[in-house]
Amino acid sequence: MPTTQEVEQLLRAAALRVTRPRIAVLAAVHDHPHADTEHLIGVARAELGGLSHQAVYDVLQVLTTAGLVRRIQPAGSVARYESRVADNHHHVVCRSCGTIADVDCAVGHTPCLTASDDNGFTIDEAEVVYWGLCSNCAAPTATDERTPLSRTASRKDSRV
Ligand SMILES: [Zn+2]
Ligand SMILES: [Zn+2]
């Protein structure tokens, strides 16, 4: 969790004007990795009341363009933001609850940027999303009411 001074330094280092909304939003992204815009608005507003939705959207856009935050958007999810930038790490996403966690590149430093065939492109990002179930969702529960339904559905499917 960076201090306000550290957040100001990050903004200055990126040649951005230091404003209170930028400080509040950047600090919120640092404190809540992979949060969506609505969540960040709530956090930033707790810090700085009266902040409009549009102001937060605008700040996120500026911070993303400046490379201070990274925007990720797994299929079927709203955009999420994180402060861990420039290392091309990957993400694992839970199909059930949408929880997102960081995954380092499998081998060495950003090997995924070395495409087997770059088709003449200059590649600067490789996006890998692992999908599965988080430990909470994968844990069997005693009262799983979906089981009888899915059995019915599969019987029906097999007749078609
Ligand atoms: Zn889950
Ligand atoms: Zn991440």
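Whatever order the structure lists them in is the order used to number ligands and atoms, beginning at 1. When a residue number appears, it is its place in the shown sequence, counting from 1. Here the structure is a predicted model, which means the values were calculated and not measured.
With the Zn ion (ligand 2) as the vertex, OE1 (E82) and NE2 (H91) define an angle of 120°, rounded to 10°. Seen from the Zn ion (ligand 2), atom OD1 on D102 and atom NE2 on H34 lie at an angle near 80° (rounded to 10 degrees).
Under the 4.5 Å side-chain heavy-atom criterion for grouping Ile, Leu, Val, Met, Phe, Trp and Tyr, V18 is connected to L10 within one hydrophobic cluster. A continuous path of ILVMFWY side-chain contacts below 4.5 Å connects I100 to W131, so both sit in one hydrophobic cluster.
Within a 6.0 Å radius of CD in E8, other residues, nucleotides and ligands contribute more than 12 heavy atoms. Heavy atoms from other residues, nucleotides or ligands lying under 6.0 Å from CZ of R84 number more than 12.
Contacts of E38 classified as side chain to side chain contact (heavy atoms under 4.5 Å, CB included), with partners at least two apart in sequence or in another chain: D36, I41, H53, Y57. Partners of S83 according to the side chain to side chain contact (heavy atoms under 4.5 Å, CB included) rule, which considers only residues two or more places apart in sequence or in another chain, are V29, H30. Under the side chain to side chain donor-acceptor pair (under 3.5 Å) criterion, Q73 pairs with R71, not counting sequence neighbours.
Excluding waters, the set of protein N/O/S atoms under 2.8 Å from the Zn ion (ligand 1) reads C94 SG, C97 SG, C134 SG, C137 SG.
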